**Q** 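First the structure, then my questions, so here it is.
These numbers come from a predicted model, not from an experiment. Chain identifiers are assigned alphabetically (A, B, ...) following the order of the sequence lines, protein sequences preceding nucleic acid strands; residue numbering begins at 1 within each chain. All values below were derived from every heavy atom in this structure, side-chain atoms included, with hydrogens, water molecules and symmetry-related copies excluded.
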There are 2 protein chains.
Amino acid sequence: MSLAMNGKRQHKEHLYILFAQVASALANPHRLELLDLLVQSPRTVDDLAQESHMTVANTSQHLQRLKQANLVADARDGLYVRYQLADPAVARLWLDLRSVGEKQLAEVERALDAYRDHRHEFATVAPEELPILLQRDEITLLDVRPRLEYQSGHIPGAVSIPVDELEFHLDEIPRDKTVVAYCRGPYCVYADQALDLLSGQGWKVARLEEGVAEWQQAGYDLEK
Amino acid sequence: MSLAMNGKRQHKEHLYILFAQVASALANPHRLELLDLLVQSPRTVDDLAQESHMTVANTSQHLQRLKQANLVADARDGLYVRYQLADPAVARLWLDLRSVGEKQLAEVERALDAYRDHRHEFATVAPEELPILLQRDEITLLDVRPRLEYQSGHIPGAVSIPVDELEFHLDEIPRDKTVVAYCRGPYCVYADQALDLLSGQGWKVARLEEGVAEWQQAGYDLEK
DNA sequence: CAAGTATTCAATGGATTACTTGAATTATAG
DNA sequence: CTATAATTCAAGTAATCCATTGAATACTTG
């Protein structure tokens with residue numbers, strides 16, 4: 001009996017070790033940034049290296065580490081290797097980690113406030129209000145992420161104008177409706193930049209609370 | 001503009017660093033075991049040390065580490081200090097980590113199979129079947145965890161008989177109904193031990209899939 | 001207040017692991 | 001065969017982490 005229990009105990013310990021390895025793959029800021037990008041859409045190593053300001057070699061090695069923990073998967077696409085989340089559960093895990101961190105670290109709260117200063121200038125719209133507003137045709141819903149991310153999945157009814165092209169496409173935006181902008185998530189500044197520009201030009205503007213990943217996680221569908 | 005962006009970028013990096021710290025608090029098998037125990041019920045340092053087979057000093061230090069990441073909280077209770085999860089979101093995080101690990105590491109699957117050998121001897125009951133079976137009075141639902149954990153929250157309708165007292169309380173169990181046993185979760189062996197004993201004595205038995213934490217996470221209530 | 005118990009602290013030693021970079025290598029498309 | 005993308009390798013530095021120990025602190029009970 002005690003032998004059997006020891007056997008069980010060893011298996012149990014083995015499992016904890018494996019789960020700890022997954023956690024330790026998450027325990028690096030660069031890798032979390034990579035994951036955060038991959039939640040938005042699959043990307044090549046080169047893309048990821050640029051967006052995260054790392055060398056390609058370094059990016060590649062961090063990706064290997066994530067792959068080893070089965071958090072991401074890779075697929076060759078011509079000259080490029082395209083990385084993506086290995087499973088939707090990974091997105092959930094990342095959102096949970098973030099929400100635990102946000103909720104509980106007072107330190108984060110302060111950092112977040114500093115980071116969000118800008119945001120509080122704008123009114124916000126809750127996800128559950130969106131369908132109603134769209135149906136009544138009272139707003140223009142604007143996805144200001146890079147077009148690649150829009151294509152890989154966006155909120156139904158949204159129009160894609162990446163933030164850096166926005167100033168050249170102002171004439172496409174109805175002047176009589178409020179513009180509701182969104183981007184990746186709570187730490188994404190694209191929407192704030194866009195709303196800055198638009199409100200300076202006289203539009204009524206608001207920001208969608210949260211972003212695409214949270215929208216999806218809340219059980220709403222994305223459009224492709 | 002580029003200055004502003006740098007500022008933003010720094011804040012963003014700071015956040016990733018903080019989240020990585022939470023992850024690294026999770027990146028140790030002993031701490032995960034402690035968390036797993038705390039998901040069941042609050043416990044004293046001494047309890048935790050015994051159950052995880054560590055020295056008290058070592059246990060205490062791991063708990064400090066978890067506390068620093070705001071994953072657990074402590075409260076003095078007479079002579080003892082009682083630790084508990086800092087927030088229900090922590091339970092969710094742990095379950096997600098586990099499910100990502102299980103789903104994705106082939107290695108875990110194998111370890112799990114070895115660990116579960118025993119279990120496959122018994123029929124299982126899915127959580128959603130439970131209410132019906134209980135209402136029809138077709139089963140006896142048995143919580144075989146230590147009484148402390150039962151008291152801190154159990155599935156409605158369950159009877160508490162800790163596994164090590166079971167042999168002395170056989171006469172309390174109706175012989176004409178199937179016994180459905182459950183314990184902490186998928187890695188807990190108490191239920192298997194109990195069913196071993198009972199089926200040897202002629203009872204019809206089955207095991208509840210999963211355990212208390214998963215039950216609660218699935219949105220069902222616990223009784224106190 | 002004194003004794004006893006529970007918990008934490010501080011310091012050690014040692015091992016281990018982690019991260020980054022630049023150069024060499026592999027893989028693919030044209 | 002050449003150019004580009006990605007991975008691997010080697011190397012070095014840094015950093016972290018962990019278990020143990022013995023002592024100190026905090027608390028409760030009598």
**Q** Check this one for me: any side-chain N or O of B:S60 less than 4.0 Å away from OP1 or OP2 of C:dT7?
**A**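 No, outside the criterion.
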
**Q** May I ask you to evaluate whether B:R76 reaches the phosphate of D:dT28, defined as a side-chain N or O under 4.0 Å from OP1 or OP2?
**A**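 B:R76 to D:dT28 OP1/OP2: no side-chain N or O under 4.0 Å.
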
**Q** Mind checking B:R82 for me? I need base, sugar-phosphate or nothing, with any heavy atom below 4.0 Å counting as a touch.
**A**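 B:R82: no heavy atom of the nucleic acid under 4.0 Å.
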
**Q** Find the distance B:D47:CG to C:dT5:C1' and express it as a whole number of Å.
**A**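 Taking atom C1' of C:dT5 as the reference, CG of B:D47 is at 14 Å.
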
**Q** In whole angstrom, give the distance that lies between atom CG of A:L63 and atom P of D:dA5.
**A**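 From A:L63 CG to D:dA5 P: 16 Å.
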
**Q** Nearest 0.5 Å, please: how far is CG in A:L222 from NE2 in A:H154?
**A**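 Atom-to-atom, A:H154:NE2 and A:L222:CG are 8.5 Å apart.
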
**Q** Given B:R184, which of B:E51, B:E210, B:E33 fulfils the salt bridge (Lys or Arg N to Asp or Glu O under 4.0 Å) condition?
**A**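 Going through the options one by one, the only one that passes is B:E51.
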
**Q** Could you report the tightest heavy-atom contact between B:S152 and B:Q40, atom names first, then the distance?
**A**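 Reported closest heavy-atom pair: OG-O, 3.3 Å.
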
**Q** Has A:N58 got a side-chain N or O lying under 4.0 Å from the OP1 or OP2 atom of C:dC19?
**A**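 It does not, given that no N or O in the side chain of A:N58 lies less than 4.0 Å from OP1 or OP2 of C:dC19.
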
**Q** Any side-chain N or O of B:Y83 below 4.0 angstrom from OP1/OP2 of C:dT8?
**A**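 Yes, because at least one side-chain N or O of B:Y83 sits under 4.0 Å from OP1 or OP2 of C:dT8.
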
**Q** A:L79 side chain: which of D:dT4, D:dA6, D:dC27 is closest?
**A**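 Of the candidates, D:dT4 comes closest.
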
**Q** Return no unless some side-chain N or O of B:H30 is found under 4.0 Å from OP1 or OP2 of D:dA19.
**A**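 So the side chain of B:H30 is within the cut-off, an N or O lying under 4.0 Å from OP1 or OP2 of D:dA19.
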
**Q** Do A:Q61 and D:dA6 have a side chain to base donor-acceptor pair shorter than 3.5 Å?
**A**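 No, the side chain and the base share no sub-3.5 Å donor-acceptor pair.
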
**Q** Return no unless some side-chain N or O of B:S24 is found under 4.0 Å from OP1 or OP2 of D:dC17.
**A**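 True: B:S24 side-chain N/O within range (under 4.0 Å) of D:dC17 OP1/OP2.
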
**Q** What's the CZ-C1' distance between B:R31 and D:dC18, to the nearest Å?
**A**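 From B:R31 CZ to D:dC18 C1': 9 Å.
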
**Q** Nearest whole angstrom, please: distance from the P of D:dA19 to the CG of B:L34.
**A**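 About 11 Å, once rounded to whole Å.
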
**Q** I want to check one thing: is the phosphate of C:dC9, taken as OP1 and OP2, less than 4.0 Å away from some side-chain N or O of B:Q64?
**A**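 B:Q64 to C:dC9 OP1/OP2: side-chain N or O found under 4.0 Å.
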
**Q** Taking 4.0 Å as the cut-off, does a side-chain nitrogen or oxygen of A:R65 come that near to OP1 or OP2 on C:dA18?
**A**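 Answer is yes, contact under 4.0 Å.
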
**Q** Quickly work out the B:N28 CG to C:dT16 P distance and round it to whole Å.
**A**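 B:N28 atom CG is separated from C:dT16 atom P by 16 Å.
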
**Q** May I ask you to verify if any side-chain N or O of A:H62 is less than 4.0 angstrom from the OP1 or OP2 atom of C:dA18?
**A**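 It does not, given that no N or O in the side chain of A:H62 lies less than 4.0 Å from OP1 or OP2 of C:dA18.
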
**Q** So, taking the atom named CG in B:L63 and the one named OG1 in B:T44, what distance separates them when rounded to the nearest 0.5 Å?
**A**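 Atom-to-atom, B:L63:CG and B:T44:OG1 are 10.0 Å apart.
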
**Q** Could you check how far CD1 of A:I17 sits from P of C:dT17, rounded to whole Å?
**A**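 It is 12 Å, rounded to the nearest whole Å.
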
**Q** Find the distance B:Q68:CD to C:dC9:C1' and express it as a whole number of Å.
**A**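 Rounded to whole Å, this separation is 13 Å.
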
**Q** With distance as the sole criterion, is a donor-acceptor pair present between the side chains of A:Y16 and B:N28 under 3.5 Å?
**A**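 No pair is found: no donor N or O on one side chain lies under 3.5 Å from an acceptor on the other.
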
**Q** For A:N70 and A:A86, which heavy atoms make the closest approach, and how far apart are they?
**A**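 What the structure gives for the nearest pair is O-CB, 3.3 Å.
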
**Q** Looking across every strand, which nucleic acid part, if any, lies under 4.0 Å from A:V45 by heavy atom: base, sugar-phosphate, or nothing?
**A**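 Answer is sugar-phosphate: A:V45 comes under 4.0 Å of backbone atoms only.
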
**Q** Between atom CG in A:L48 and atom C1' in D:dA5, what is the gap in whole Å?
**A**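 That distance rounds to 13 Å.
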
